[in-house]
Chemist: 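Sending over a structure as structure tokens; questions will come in a sec.
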Amino acid sequence: MSTMGDGTRAVRAGLPQPQQYEPTLPGPVFAAHYHLSGEPTGPYTYGRETNPTWTHLERAIGELEAPGERVETTVFASGMAAISAVLLSRARSGDIVVLPDDGYQALPLLRAQLEAYGVEVRTAPTGGDAQLAVLEGATLLWIETPSNPGLDVCDVRRLVEAAHAGGTLVAVDNTLATPLGQRPLELGADFSVASDTKGMTGHGDLLLGHVTCRDPELAAGVRHWRKIVGAIPGPMEAWLAHRALATLELRIERQCANALALAEALAGHQEVSGLRYPGLPTDPSHPNAARQMRRFGSVVSFVLADRGTAERFLDALKLVDDATSFGSVRSTAERRGRWGGDAVPEGFIRFSVGAENTDDLLADVAQALAAATGGN
Ligand SMILES: *Cc1c(COP(=O)(O)O)cnc(C)c1O
């Protein structure tokens with residue numbers, strides 16, 4: 001299987017061996033505890049530690065993260081649960097941790113928590129591989145590429161090489177790319193981490209996260225953390241996520257193609273500035289992205305004149321919901337500045353491109369831009 005195409009691997013990912021009269025993907029197992037006599041050993045003992053529905057999903061994600069390789073995946077109740085599991089389980093008082101300063105908007109909350117535990121936190125931007133300059137003595141480097149919402153891309157191999165030379169572990173937040181867009185472990189990272197709330201599950205109807213590691217000891221630390229804090233996904237969410245993986249390649253192919261088409265259309269538009277899409281050959285992120293990514297993601301960002309223009313644009317869209325998050329089969333867009341956490345202009349739009357037909361989507365965006373900017 002590991003040499004086959006992404007679509008072939010996605011539809012079969014994590015499925016158990018066929019068994020007469022059993023379904024292809026076994027249904028969710030709802031269990032707080034399992035029948036267990038004698039010594040408490042074996043795969044399934046208590047519901048906070050293990051669940052067969054997670055096991056199937058964890059295998060599936062592992063097969064996509066590192067085809068043909070032996071890796072360990074741990075699923076969590078959300079992306080932040082997965083991120084916190086890596087950072088908080090590893091960090092010790094006196095450690096130095098390097099974060100991006102343009103990453104996901106909840107990272108500053110984690111930074112404050114790490115500092116409260118006596119960890120020194122350094123930050124630098126994703127673009128220009130600027131984190132290289134603050135690596136000295138760090139125990140852990142946290143990378144987010146492409147960054148959200150700025151869509152800068154760093155050279156993961158280069159950062160990993162420098163980090164490992166100094167004994168620094170590397171984690172990559174791979175949420176935006178998904179494993180079909182980028183495989184952090186192949187690029188040398190120690191942890192591939194994601195919010196599967198986004199493109200990985202793609203329907204905007206559940207929260208989930210995961211961490212995949214090659215090193216069993218690192219994986220065991222993450223798993224142990226899940227047991228301690230209990231940030232476990234519900235069986236129904238885990239099952240829905242596994243079901244959604246079957247269409248991951250179909251969804252991502254369409255969404256990435258739509259994103260490129262949208263970026264190309266916006267590039268020629270007078271009222272649009274600050275356009276970013278790593279798949280656009282003229283984008284500053286493109287050289288790094290082309291070297292390490294296999295698909296460029298479904299998020300396009302750009303800037304309209306001011307807050308009013310951005311709000312009129314969002315109001316005028318008919319096929320695109322005004323909502324946060326990204327990666328859904330239904331297009332969404334938002335004025336990112338409304339949250340206050342990101343360093344973006346008032347008219348900054350983060351556009352998550354869905355699986356609609358390309359012409360319909362481009363026509364909707366064109367009419368909304370015309371409506372927002374006075375019709376020219
Ligand atoms: C959404 C997101 C997260 C947080 O994920 P949740 O599932 O909402 O907890 C983390 N990192 C990135 C890049 C995200 O986009």
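Counting begins at 1 with the first residue of the sequence. These figures come from a predicted structure and were not determined experimentally. Atoms within each ligand, like the ligands themselves, are counted from 1 in listed order.
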Chemist: Which ligand 1 atoms, with their elements, are less than 4.0 angstrom from a heavy-atom of T175?
Modeler: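 Answer, ordered by atom number: 11 (N), 12 (C), 13 (C), 14 (C), 15 (O).
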Chemist: Has ligand 1 got any nitrogen or oxygen that is less than 3.5 angstrom from a nitrogen or oxygen of E144?
Modeler: no
Chemist: What do you reckon, does A81 have a nitrogen or oxygen under 3.5 Å from a nitrogen or oxygen of ligand 1?
Modeler: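 In this structure, A81 places no N or O atom under 3.5 Å from an N or O of ligand 1.
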Chemist: Which atoms of ligand 1 sit under 4.0 Å from any heavy atom of I83?
Modeler: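 Listed by number with element, the hits are 10 (C), 11 (N).
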Chemist: For atom 2 (C) of ligand 1, find the nearest protein heavy atom and state the residue, atom name and distance (0.1 Å precision).
Modeler: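 Heavy-atom neighbour on the protein nearest atom 2 (C) of ligand 1: K198 NZ, 2.5 Å.
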Chemist: Quick check on salt bridge (Lys or Arg N to Asp or Glu O under 4.0 Å): which of R312, R338, R335, R350 does D322 satisfy it with?
Modeler: R338
Chemist: Indicate yes or no: does R157 engage E161 in a salt bridge with an N to O separation below 4.0 Å.
Modeler: no
Chemist: Salt-bridged, R223 to E58, with N to O below 4.0 Å?
Modeler: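 Counted as a salt bridge, because a side-chain N and a carboxylate O are separated by less than 4.0 Å.
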Chemist: Establish, from distance only, whether the side-chain atoms of Y44 and T55 form a donor-acceptor pair under 3.5 Å.
Modeler: yes
Chemist: Find all atoms of ligand 1 within a distance of less than 4.0 Å from any non-hydrogen atom belonging to F326, and give their numbers and elements.
Modeler: 15 (O)
Chemist: For F313, what residues pass the ring pair (Phe, Tyr, Trp, His ring centres under 6.0 Å) criterion, not counting sequence neighbours?
Modeler: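 Expected list: F302.
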Chemist: Under a 3.5 Å threshold, yes or no: a donor from one side chain and an acceptor from the other, between S331 and E356?
Modeler: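 Short answer, yes.
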Chemist: Among protein heavy atoms, which sits nearest to atom 7 (O) of ligand 1, and what does the distance come to when rounded to 0.1 Å?
Modeler: T197 OG1, 2.6 Å
Chemist: Just by distance, no angles: are the side chains of T139 and R90 close enough, under 3.5 Å, to form a donor-acceptor pair?
Modeler: no
Chemist: Are any of the N/O atoms on M80, whether in the backbone or the side chain, positioned under 3.5 angstrom from an N/O atom of ligand 1?
Modeler: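 Such a contact does occur with ligand 1.
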Chemist: Can you tell me the protein heavy atom closest to atom 6 (P) of ligand 1 and the distance?
Modeler: G79 N, 3.4 Å
Chemist: Using a 4.0 Å cut-off to any heavy atom of D173, which atoms of ligand 1 qualify?
Modeler: 10 (C), 11 (N), 12 (C), 13 (C)
